[in-house]
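We number each residue from 1, following the sequence as shown.
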Amino acid sequence: MNLERYLDITPEIARAVSENRPVVALESTILSHGMPYPQNLEFAHKVEEIIRAEGAVPATTAILGGKLKVGLTADELERMCKPGDIGKVSRRDVAVYLAQKRDGATTVATTMLIASLAGIRIFATGGIGGVHRGAQETFDISADLQELANTPVGVVCAGAKSLLDLGLTLEYLETYGVPVLGVRTEDFPAFYCRSSGLKVDYRIDTEAEIAGILRTKWELGLKGGAVIANPIPEEYALDYDEMEQVITKALDMAKEQGVHGKATTPFLLAAIKDMTHGVSLASNLELAYNNARVAARIAVAYCK
Ligand code: PSU
Ligand code: MN
């Protein structure tokens with residue numbers, strides 16, 4: 001391996017990792033392909049501040065100039081947020097982007113990969129990818145799930161959007177040995193909604209216990225990560241049936257327009273945002289802030 005050639009970690013993050021102090025990784029696809037400008041830029045800064053306020057160091061990841069970046073400058077954050085030519089990089093795209101020095105945003109899968117290369121164990125995001133509805137025909141299963149099966153990072157998320165088949169997503173995670181832990185809830189959350197109608201594997205009531213479960217898993221040498229499912233705060237939750245209607249419409253549009261492959265998730269996210277006139281954006285921001293806070297607390301407990 002020749003990691004040093006590709007990995008570019010800020011001195012602050014490198015020091016925190018080597019001194020076993022808490023660090024929380026953040027993805028950049030949520031910035032480049034998940035939110036409009038300039039709200040995404042404001043979000044990128046605020047989410048880092050929230051992590052710092054909890055006593056952890058934020059590590060936003062991206063692929064820039066032939067490097068796997070861990071920690072971005074204000075200019076680099078701006079580059080990820082401004083509308084432009086930033087690609088969406090999942091695991092299969094990583095080597096191409098590095099070798100060709102193309103700039104790309106990291107998905108959950110790629111952020112987990114980079115975090116683990118950098119020695120970071122905890123990662124906060126909005127929602128993970130999963131098994132798409134109709135995957136029986138399309139085979140469209142997010143690479144995020146295989147990353148969770150293989151890479152030792154705990155991912156704090158608000159579950160996943162019900163544009164996915166959440167039941168099949170949970171089955172897939174079970175098959176690959178990925179625990180799904182509910183943060184103070186029995187219900188698997190559906191991003192904008194506190195419950196999907198499905199259950200998590202275990203309800204866990206404290207960040208310290210979550211950190212302990214992660215430690216035990218990795219001390220045993222069990223490969224892979226964990227889904228830490230943290231429901232959206234009550235006051236920002238949206239109505240399940242209304243969101244279901246919107247999502248069904250977005251899925252119909254994608255089918256009509258023949259959208260497929262890596263374009264599917266960003267297309268659906270944008271369609272949902274348009275149809276809800278930005279109401280969903282406010283919820284999206286708040287649930288991600290909430291995840292960052294919980295992730296930072298888990299990272300602090302993990303380092304004790
Ligand atoms: N789901 C969301 N918001 C997002 C994504 C998913 O609610 O921003 C992004 C994440 O980066 C995730 C990726 O890793 O989409 C999954 O894409 P795909 O389904 O193509 O694997
Ligand atoms: Mn896909």
Side-chain angles (χ1 to χ4, degrees), residues 26-44 47 60-64 77-94 96-97 102-114 123-135 138-147 155 157-166 169 190-192 243 246-285 287-288 291:
L26 296 162
E27 62 157 308
S28 47
T29 292
I30 192 173
L31 306 175
S32 307
H33 299 280
M35 294 173 184
Y37 183 81
Q39 288 94 333
N40 55 357
L41 185 58
E42 198 183 311
F43 168 81
V47 79
T60 305
T61 64
I63 297 187
L64 292 170
L77 280 180
E78 176 111 18
R79 165 105 178 95
M80 301 314 293
C81 290
K82 272 216 164 123
D85 55 343
I86 299 282
K88 173 183 162 192
V89 181
S90 195
R91 174 180 266 266
R92 64 116 190 250
D93 310 294
V94 169
V96 176
Y97 271 68
R102 284 156 71 161
D103 292 346
T106 51
T107 62
V108 168
T110 314
T111 305
M112 289 180 72
L113 171 65
I114 296 174
F123 160 29
T125 185
I128 56 169
V131 178
H132 281 259
R133 294 193 199 179
T138 63
F139 275 46
D140 192 351
I141 299 174
S142 173
D144 294 354
L145 299 187
Q146 273 299 308
E147 208 63 46
V155 181
C157 61
K161 289 203 174 89
S162 67
L163 58 92
L164 301 170
D165 189 319
L166 298 181
T169 300
F191 202 80
Y192 300 116
M243 283 316 295
V246 168
I247 285 167
T248 307
K249 221 165 164 188
L251 287 164
D252 287 345
M253 282 164 64
K255 204 166 185 184
E256 269 165 34
Q257 297 180 34
V259 179
H260 67 277
K262 72 194 274 188
T264 304
T265 299
F267 176 92
L268 293 171
L269 300 182
I272 291 165
K273 195 197 78 220
D274 290 348
M275 281 188 276
T276 57
H277 305 291
V279 173
S280 64
L281 178 62
S283 293
N284 194 343
L285 296 172
L287 67 84
N291 294 341

Mind checking the CG-CG spacing from Asp165 to Asp140? Nearest 0.5 Å is all I need. 12.0 Å
After noting the C-alpha distance and the side-chain angles of Thr265 and His132, does the key distance pass the side chain to side chain contact (heavy atoms under 4.5 Å, CB included) rule? CA-CA 9 Å; Thr265 299; His132 281 259; 3.5 Å; yes
CD1/Ile114 to CZ/Arg91 distance, rounded to the nearest 0.5 angstrom? 10.5 Å
How close do Leu164 and Ala160 get, counting heavy atoms only, and between which atoms? CD1-CB, 3.7 Å
Applying side chain to side chain donor-acceptor pair (under 3.5 Å), which residue pairs with at least one partner in residues 102-111 are found, sequence neighbours left out? Ser28-Thr106, Thr61-Thr106, Thr61-Thr111, Arg79-Asp103, Gln100-Arg102, Thr106-Thr111, Thr107-Thr110
State whether the side chain of Thr276 and the backbone N or O of Ile272 hold a donor-acceptor pair below 3.5 Å, judged by distance alone. yes
May I ask you to decide if Thr125's main-chain N or O and Asn291's side chain share a donor-acceptor pair within less than 3.5 Å? yes
When the side chains of residues 248-255 are checked against the rest of the protein, which donor-acceptor pairs come out under 3.5 Å, sequence neighbours left out?
from	atom 1	to	atom 2	distance (Å)
Thr248	OG1	Glu244	O	2.6

Kindly indicate, with the supporting measurements, whether the criterion side chain to side chain contact (heavy atoms under 4.5 Å, CB included) is fulfilled by Arg133 and Ser162. CA-CA 9 Å; Arg133 294 193 199 179; Ser162 67; 4.0 Å; yes
Evaluate the side chain to side chain contact (heavy atoms under 4.5 Å, CB included) criterion for residues Leu64 and Met80: first the C-alpha distance (whole Å), next the side-chain angles of each, then the deciding distance (0.1 Å), finally the verdict. CA-CA 9 Å; Leu64 292 170; Met80 301 314 293; 3.9 Å; yes
Using modelled atom types only, decide if a donor and an acceptor are shared between the side chain of Thr264 and the backbone of Gly261 within a distance under 3.5 Å. yes
Rounded to the nearest 0.5 Å, how far does CG of Leu287 lie from OH of Tyr192? 8.0 Å
CE of Met243 to OG of Ser283, rounded to nearest 0.5 Å, is 8.0 Å
Of all heavy-atom pairs linking Ile247 and Leu163, the shortest is CG2-CA, 3.5 Å
The test is side chain to side chain contact (heavy atoms under 4.5 Å, CB included); show your working for Asn284 and Phe43 and say whether it passes. CA-CA 10 Å; Asn284 194 343; Phe43 168 81; over 6 Å; no
Note, Lys262 side chain near Ser90 side chain (heavy atom, < 4.5 Å): no
When rounded to the nearest 0.5 angstrom, what distance separates CZ in Phe123 from CE in Met112? 7.5 Å
With a 3.5 Å cut-off and sequence neighbours excluded, list the donor-acceptor pairs that the side chains of residues 33-40 form with protein atoms.
from	atom 1	to	atom 2	distance (Å)
His33	NE2	Ile86	O	3.1
Tyr37	OH	Glu78	OE2	3.0
Asn40	ND2	Leu31	O	3.0
Asn40	ND2	Cys81	O	2.9

Keeping Asp274 on the side-chain end and Ala271 on the backbone end, is there a donor-acceptor pair under 3.5 Å? no
Any chance you could measure Thr169, atom OG1, to Ile141, atom CD1, to the nearest 0.5 Å? 8.5 Å
